[in-house]
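What follows is a short report on a single structure.
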Amino acid sequence: MPLSQVYIGDQYRDTGWFGVFMTLLVAAFVLLNIRRARGGKDLYIRRIAGLNAIDEAIGRATEMGKPVLMVPGLSDTINAIAVQAVNIFAYVSRIAARFANPILLCCYNAAVYTYAQETIRDVYQSEGVADRYDPDSVRFVSDRQFAFAAGVSGLILREQTAATFFLGEFYAESLIFAETANSIGAIQVASSTETTQTPFFIAACDYVLIGDEFYAASAYLTRQPVLVGSLVGQDWSKLMIILMIILGTLLNTVQIQGKTTWERTKGVWSQIPERSVKQSDTFMSQLFKPQLEKVKVERPIDPNYVPEKGAGE
Amino acid sequence: MKGNLGEKLQSLPKPILYLILILATSIPLFFPTEVPNEPVESTKDFYATLMALPEGSKVLLMSDWTGSTRGESKGAFRSIFKILIRRKAKVAIYSAADPQAPRVAQDAINELNMERKRKNLPTFDRWNDWVNIGYFPNAEAAINGIANDLKGAFGGRKDFPPNSPPRDVFQSPVLQGVTKVEDFPLMLVITASKTSNFAVERVSGRTPLAFAVTGVMVPETQVFYQSKQIVGYCGGLKGVYDLEQLMESGVNFPDKATGKIKSDKLGTIEGFPDPDNKGQGTRYYPTLHYALALMIIMIILGNVGMFLAKRGDKS
Amino acid sequence: MIPLLQAQAPATSFWSEAFNSSELWTKLIITLVVGLVVMVGLLYAPIRARKPIIAFFTFISGAYWVLLYLWPKPIDRQPGEMPLNTVETVSFWLADSNNVVVSFTQILTGFLLGLGIFSLLKIHLTKITKGHKDAFFSIVLLVSMGLMIWFGYADWFDRLGERGAMLDNRDNWGFTQYGRDFLFEGLLQQMDAAMFSVIAFYILSAAYRAFRVRSVEATILLSAALLVLLSLMGAVSFVWDENVKSIANGNPFILNFQLTEVAQWIRNTFQTSSIRGIQFGVGLGALAMGLRLWLSLEKPGSGS
Amino acid sequence: MNYDLLRITAGVIATIGLYSVLWKENKFYRFFEHVFLGLAAGWTMVALWTETLKANWWDKMVGTPAETGSVATNGMYAYALLIPFGLMGYFVFSKKHNWISRIPIGIILGLWSGQQVQVWWNTYGPQIDATLKPILPTTWDSLIVPSTNGLTPEQLSQVQSQIYFSQAVNNFLFTITVVSVLSYFLFSFEVKNKAVKGINTMGRYLLMIGFGAIFGSTVMMRFTLLIDRMHFIWIEWLRDGVFPFLSGR
């Protein structure tokens, strides 16, 4: 076996490097653009309809003097989605704080609760109205999906919230929230990173952020260089994927028309009787699916190692 | 609410809608009917796979459903176990989606056993016929671990032999001599959540996979089925209904000519006629039609209303 | 059953000590103390040190996975083998610590759960003490919570003992088992199912209200939904397909117009692809945000 | 009244209680909402130890004794470090030191972020690959896939290896959908070009077909769950539970 391969590392063998390369490329795009943005280059973001609605929603709530309800999704633990949602809610509660408008932030997960509690308090402090902040306005409701749904819709109905924000990971319960809020005529801004739930939000909510408009939100609202830069980086990556799809498709289309006398199995080329090209023979699919040939590597055995036996053998 | 018929049609009060829906989903339940039905290929393959298991084979089952989806998943779970019990299979159950799942699965099996007791049938005993390996948080990592290092993943987990304190699951007859996931001739996944995707990512190609998924997941599962990453699946209530019919009449059984359910692809697969086969699927499926019909009618009504109203404005 | 297996105890290392050995407990306690000292030390951290400290911990924990991804993985590693060189020493270590690190998130989240419960208790106890008009319901909540905890643990402890397996058989049940079964199967599971099924009502009212042929988009949405709905009604699609088959008598082109085929076509061609299109974007968003969080480029609450 | 009937009756009452919110928010609903929340929180507390911490933390930290046939496992004392780090979260309520609560959060977020870097390609690479479908037919023998029943395996594989016009068209539609949807989500480019604008609108329309299909396929499940409840109330409880009981069987 080619010794050269042994020290490459399993994930880089054959075309394995491609995946790593792509990941690093995306990372590079993002970081580079963040740099550009920080360097004072002002970057363009197109208008995102759903996001202009946020101010309107809060304004409406303030007029009516009714609370704004926010749910940062049902993530199992705190992750970027929840953080992103809470960040948007920070923006919301800042405006709410200015107009002394009551807020309610319902958390599904204790870690998210901790983060939200801390973030929102900061918002009130930085607005210099720390006294207006009620720690109970950020609350942990339940971490069982439908208990949470029951609790939140109960809150919506009892508090008669004027504006509701559902941003983050939502699953089946999405429609429970949306319809309940709709039934009391609350103005709703919603978005789920779970694509399968978006149709229900579209059916029941006033404004829906589809797909990664959700991730674009904080950049769009705050125009923070870091966020804007990263957003541009993401766009570059999207363009790259689009190009890859178009070119790859064309390449495959051309290749698959032809015939081949070579076949590659387990990373080894071998001559075969002529046959028409299969999808798996194409350059692209070879690039995406590394075929690792079996390699034997001799290593010293650990002296105090006892070979594990199947129990009861 | 005043206004012409159009506006009325457009704005039926919600309580009335809800009432109609309740009626549409209740009344048919009292009048069990047979609906014409042709089991879909995926379910036929699913059934064929189960029936092809040699008696006494070991099956790895990931049970990721809880009470919230019992309407669909419990039916599938029960049908699958009825078949597995017939195949005298030995089942290792674990869960990766929800801490409740192991308990729910356990209670469901106990329920089956209680029914079997009443009929004086041999029960499907814990430890000897099935073990509950328990819940693994972080589904993706857990399934990865099980695929790569089953011993390590299940190591230290305990279950209950009859009348003795819990012992290492690898001691049970179910996991005798099992060291890697390939030692199971089949891995079943009964799930209402994403965990099926992880199973495909990590296990497909190592050992045959068969799914029982909820209706919502049918589209994504169909993709795996077409790409042959899973051997078959039973999707939603339709899947359960298909499965129950297959249990009743098999495929090309007794022979292709007279068989109720035919298939060009599959050979003869026996069925085992038994009133007990009729479960949730048979009970719920006819009713589903009324509900769906109601939905369609309501959508049409709304639109008709809109047009009438528009005309009303014009005139 | 092989006596050998029982006799031999696993080799201890710097990181692991034998079960219940005094070494284990001493090391354990030392670790705990060190940890607590660090925690107390943090109380005195100067203000400008705070951000770096948080950033440091975030970076370290993220670095593990990134390293695991980028560092050359050992090829054809068999159990019991020892690394050939320093590169492999690291990669072996990374691979071995994997199943340790994996559970960190759950464990930490688990510890934080106390905060959530605390928030619950705080809200409801204040309601009770302040004699809020909903105080009664708060009492209900706390009581049912207490009961579930009590029966849950009592039942769990019962099952640890000799009687573990017997308790699957209802004849051997005691009060605890009945209690746990009543709360868990009788109430919790049923309520879960009930709340989930409420969606059916909402789905109907939402469709009725929103599915109007107002705009092009709405019309497209509506017609796609209707087609799929029809295809789900086994009886309808059965009859439809039978008719198509009879018309087609074998003509594969006409066979494509079977309802099930059409619905399948819509799903495979448009549903899968549009979901994929969206997911690419979402995935990139997650990755980019992941980078920002890992490198602490983003200031917390940066929505403001 | 036997236990089963008691249990199922409780379940029915609870179900109706939760349903009552469909009419309007009322005390009955509020009662069961709070019971639900209470039980759920209680169960979480139970599962926290019995399902998560016991096996994943405690047993690993202190190890497990040898039993008949199973080897003892060593304790990894380093797990103890997680306690103080968990405790740090509880500073969130302190006015002065609340920043400390960000450390455990930071760790969790760090782990999550690192994993994103690790899994991104594993998740989306195959999907990109699966999108690269040939959009020209390889054969014109027939415009659509000929029926495959009654073919010999060779003929079958022959048919399957070919790409027919109809498939090519579908592949084309598929690719177009993915690309146009993806391009709809470009935020940092001002779209002046008519063609690109067109693609974006098309992206939105194709998206709607997808959403419609999702909606349709979801409905079946939701209704099934409702039917299950109705069966629970009318059949399991009323017909098979209450009536026999009243008729004193």
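Note that these values count all heavy atoms, side chains included, but never hydrogens, waters or copies made by symmetry. Throughout, protein chains are lettered first and strands after them, A, B, ... in sequence-line order, and every chain is numbered starting at 1.
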Which atoms of [X] are under 4.5 Å from chain D, going by heavy atoms: the side chain, the backbone, both sets, or neither?
{"X": "B/P28", "answer": "neither"}
{"X": "B/Q280", "answer": "side chain"}
{"X": "B/Y284", "answer": "both"}
{"X": "B/S68", "answer": "backbone"}

Residues forming a side-chain contact (heavy atoms from CB on, under 4.5 Å) with D/I105, sequence neighbours excluded: A/I78, A/A111, A/T114, A/Y115, C/L112, D/L109
At what distance, to the nearest 0.5 angstrom, does [atom1] of [X] lie from [atom2] of [Y]?
{"X": "D/M230", "Y": "B/F30", "atom1": "CE", "atom2": "CZ", "result": "11.0 Å"}
{"X": "B/T25", "Y": "D/L226", "atom1": "OG1", "atom2": "CG", "result": "4.0 Å"}
{"X": "D/L225", "Y": "B/T69", "atom1": "CG", "atom2": "OG1", "result": "7.0 Å"}
{"X": "B/S26", "Y": "D/R229", "atom1": "OG", "atom2": "CZ", "result": "12.5 Å"}
{"X": "B/L29", "Y": "D/H231", "atom1": "CG", "atom2": "NE2", "result": "6.0 Å"}
{"X": "B/I22", "Y": "D/W234", "atom1": "CD1", "atom2": "CH2", "result": "8.0 Å"}

Taking every non-hydrogen atom, the tightest pair across B/L237 and D/T224: CD2-CG2, 3.7 Å
Residue by residue, which of residues 49-60 of chain D have a heavy atom closer than 4.5 Å to a heavy atom belonging to chain B? D/E51, D/T52, D/A55, D/N56
Do other residues, nucleotides or ligands put more than 12 heavy atoms under 6.0 Å from D/F28 CZ? yes
Hits for side-chain hydrogen bond (donor to acceptor under 3.5 Å, both in side chains) against B/Y233, two or more places apart or cross-chain, chain-then-number order -> B/Q222
With respect to chain B, which residue among D/I233, D/L22, D/V219 yields the maximal number of heavy-atom pairs within a distance under 4.5 Å? D/L22
Residue from B/M295, B/R70, B/K14 scoring the most non-hydrogen pairs under 4.5 Å with chain D is B/R70
Quick check on the interface: out of B/K238, B/M217, B/R157, who has the most heavy-atom pairs with chain D under 4.5 Å? B/R157
Set of residues satisfying ring pair (Phe, Tyr, Trp, His ring centres under 6.0 Å) with respect to B/F136, sequence neighbours excluded: B/Y94, B/F154
Show your reasoning for whether side-chain contact (heavy atoms from CB on, under 4.5 Å) applies to B/V216 and D/R222. CA-CA 9 Å; B/V216 202; D/R222 304 296 186 246; 3.7 Å; yes
Using a 4.5 Å cut-off on heavy atoms from C-beta on, say whether the side chain of B/T287 contacts that of D/F223. no
